[in-house]
Amino acid sequence: MAAIGFIGLGIMGTPMAQHLINGGHQLAAYTLHKVPESLVEAGATACSSAAEVAQKSDIIILMVPDTPDVEAALFGDKGVAEGLSSGKIVVDMSSISPVATKEFASRINKLDCEYLDAPVSGGDVGAKAATLSIMVGGRPEIFEKVKPIFELMGKNITLVGGNGDGQTCKVANQIIVALTIEAVGEALVFASKAGADPARVREALMGGFASSRILEVHGERMVKRNFNPGFRISLHQKDLNLALNAARQLGVSLPNTATAQSLFNACEAQGGANWDHSGMVKALELMANHAVAPDAN
């Protein structure tokens, strides 16, 4: 049994933290809002700051929205750094800048502590089912120490390389996810406007080479008009910004990533920043003057 700290208890963080408790670990928890009662009732200790979490824990996990949030949680007032002592391990499971990650890791290492970046893919469905893909950057021996904890939250757990490489892998993942959502959206808008039943089209495609997890989960969302997050468009915009900014620095062209970001921007302009990212289809529907299916009343 390990003493684990968990910072950031949103749509993803709460079920991930619950799996750690279910696995028999002690859990100290902190979030900007109130720690969910379900976690406290399950045995979590609600802390008043990130520093207190770090003091009570040997492994401290962060699951917060963006790069500035990680920096604040680690190095801000009453942040993790204030509660660290030699030999502790910080694990950032947020999706943030690879460049900033390397800087954060260096600062934590100077405190005689270890750092892993371990962003995840799988959304709230994967978080609840403990089937997340986890992409890790850091020292191999530290990865092996933390791997049994990762196994309580995910299935496909890969050490990609050194610090920052996990985040680079996650950016690549988000490029693929965005472009696949766009492809599924285009296909279902096309099929529906042509007069075919989009639900049956999706069912037929699931048995062929076009099958994908996104067609399965997000295609169903598009047909059933369920755009409650999930994974918010605003967060995917953040991830694609990381991709496009890095591409500019590397001299790489990502034309379809830029198109996907423009479609997310169009959704945001319609008030959809908090829609599930499958809601990208609404931008395509607007251009086609046709919805995949009627919105539920």
Side-chain angles (χ1 to χ4, degrees), residues 1-96 100-120 127 134 136-139 141-154 163 166-167:
M1 182 172 66
I4 302 173
F6 208 105
I7 298 167
L9 299 167
I11 292 172
M12 301 281 290
T14 295
M16 292 166 68
Q18 183 65 60
H19 293 313
L20 300 179
I21 296 172
N22 294 346
H25 297 290
Q26 297 176 356
L27 192 80
Y30 173 72
T31 192
L32 290 179
H33 306 290
K34 186 179 179 182
V35 173
E37 286 296 330
S38 60
L39 293 179
V40 175
E41 290 171 1
T45 300
C47 297
S48 61
S49 69
E52 183 183 351
V53 169
Q55 289 168 354
K56 294 179 181 293
S57 309
D58 298 318
I59 299 170
I60 302 97
I61 296 172
L62 286 79
M63 188 64 179
V64 299
D66 203 349
T67 305
D69 303 299
V70 173
E71 184 171 22
L74 289 175
F75 306 112
D77 183 43
K78 296 182 181 179
V80 168
E82 293 183 20
L84 291 177
S85 54
S86 179
K88 295 192 175 187
I89 302 171
V90 175
V91 181
D92 179 28
M93 302 188 77
S94 320
S95 296
I96 69 166
T101 291
K102 292 178 183 180
E103 178 195 343
F104 298 162
S106 176
R107 293 171 70 178
I108 293 297
N109 292 158
K110 288 176 182 176
L111 299 174
D112 198 27
C113 294
E114 298 288 347
Y115 194 97
L116 297 175
D117 50 292
V120 304
I134 305 176
V136 187
R139 294 206 297 141
E141 56 267 40
I142 305 306
F143 169 74
E144 291 300 331
K145 281 186 179 181
V146 180
K147 190 175 180 182
I149 305 249
F150 290 146
E151 288 172 341
L152 294 173
M153 298 181 283
N163 284 135
Q167 295 294 354

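We count residues from 1, following the sequence as given.
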Using only atom types and a distance under 3.5 Å, with no angle test, would you say the side chain of [X] pairs donor to acceptor with the backbone of [Y]?
{"X": "Glu52", "Y": "Ser48", "answer": "yes"}
{"X": "Thr14", "Y": "Leu9", "answer": "yes"}
{"X": "Asn163", "Y": "Lys102", "answer": "no"}
{"X": "His25", "Y": "His19", "answer": "no"}
{"X": "Asp66", "Y": "Pro68", "answer": "no"}
{"X": "Asp117", "Y": "Gln167", "answer": "yes"}
{"X": "Ser57", "Y": "Gly5", "answer": "yes"}

Ignoring hydrogens, what is the shortest heavy-atom contact between [X] and [Y]? Give both atom names and the distance.
{"X": "Gly87", "Y": "Cys113", "result": "N-SG, 4.2 Å"}
{"X": "Phe75", "Y": "Ala81", "result": "CD2-CB, 3.9 Å"}
{"X": "Ser94", "Y": "Val70", "result": "OG-CG2, 3.6 Å"}
{"X": "Cys47", "Y": "Ala28", "result": "SG-CB, 3.8 Å"}
{"X": "Leu27", "Y": "Ala17", "result": "CD2-CB, 3.8 Å"}
{"X": "Leu62", "Y": "Ala73", "result": "CD2-CB, 3.7 Å"}

Worksheet item: Yes or no on side chain to side chain contact (heavy atoms under 4.5 Å, CB included) for Met93 and Phe150, after CA distance, side-chain angles and deciding distance?
Response: CA-CA 10 Å; Met93 302 188 77; Phe150 290 146; 4.1 Å; yes
Fill in: Side-chain touch Tyr30/Thr45, heavy atoms, less than 4.5 angstrom
no
Worksheet item: Is there side-chain contact between Ile108 and Leu84, with at least one heavy-atom pair below 4.5 Å?
Response: yes
Give, for atom [atom1] of [X] and atom [atom2] of [Y], the distance between the pair rounded to the nearest 0.5 Å.
{"X": "Asp92", "Y": "Thr101", "atom1": "CG", "atom2": "OG1", "value": "6.0 Å"}
{"X": "Leu116", "Y": "Lys147", "atom1": "CG", "atom2": "NZ", "value": "13.0 Å"}
{"X": "Ile4", "Y": "Ile61", "atom1": "CD1", "atom2": "CD1", "value": "5.5 Å"}
{"X": "Phe6", "Y": "Ile60", "atom1": "CZ", "atom2": "CD1", "value": "12.5 Å"}
{"X": "Arg139", "Y": "Lys145", "atom1": "CZ", "atom2": "NZ", "value": "8.0 Å"}
{"X": "Ile89", "Y": "Asp58", "atom1": "CD1", "atom2": "CG", "value": "8.0 Å"}

Fill in: Test side chain to side chain contact (heavy atoms under 4.5 Å, CB included) applied to Asp69 and Thr67, step by step
CA-CA 5 Å; Asp69 303 299; Thr67 305; over 6 Å; no
Discussion item. With a 4.0 Å cut-off on N to O distance, would you call Glu103 and Arg107 a salt bridge?
Written reply: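 A salt bridge links Glu103 with Arg107.
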Practice prompt. Taking only Lys NZ, Arg NE, NH1 and NH2, and the carboxylate oxygens of Asp or Glu, determine whether Glu114 and Lys88 approach each other closer than 4.0 Å.
Written response: no
Discussion item. Does Ile149 form a side chain to side chain contact (heavy atoms under 4.5 Å, CB included) with Ile59? I'd like the steps, not just the answer.
Written reply: CA-CA 10 Å; Ile149 305 249; Ile59 299 170; 4.1 Å; yes
Worksheet item: Does the pair Phe104 and Val90 meet the rule for a side chain to side chain contact (heavy atoms under 4.5 Å, CB included), with working shown?
Response: CA-CA 10 Å; Phe104 298 162; Val90 175; over 6 Å; no
Item to complete: With sequence neighbours excluded, tell me which residues meet side-chain hydrogen bond (donor to acceptor under 3.5 Å, both in side chains) with Asn109.
Response: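 Listed in chain order: nothing, the list is empty.
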Fill in: Non-neighbouring partners of Gln55 that pass side-chain hydrogen bond (donor to acceptor under 3.5 Å, both in side chains), sequence neighbours left out
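Gln55 satisfies side-chain hydrogen bond (donor to acceptor under 3.5 Å, both in side chains) with no residue once adjacent residues are dropped.
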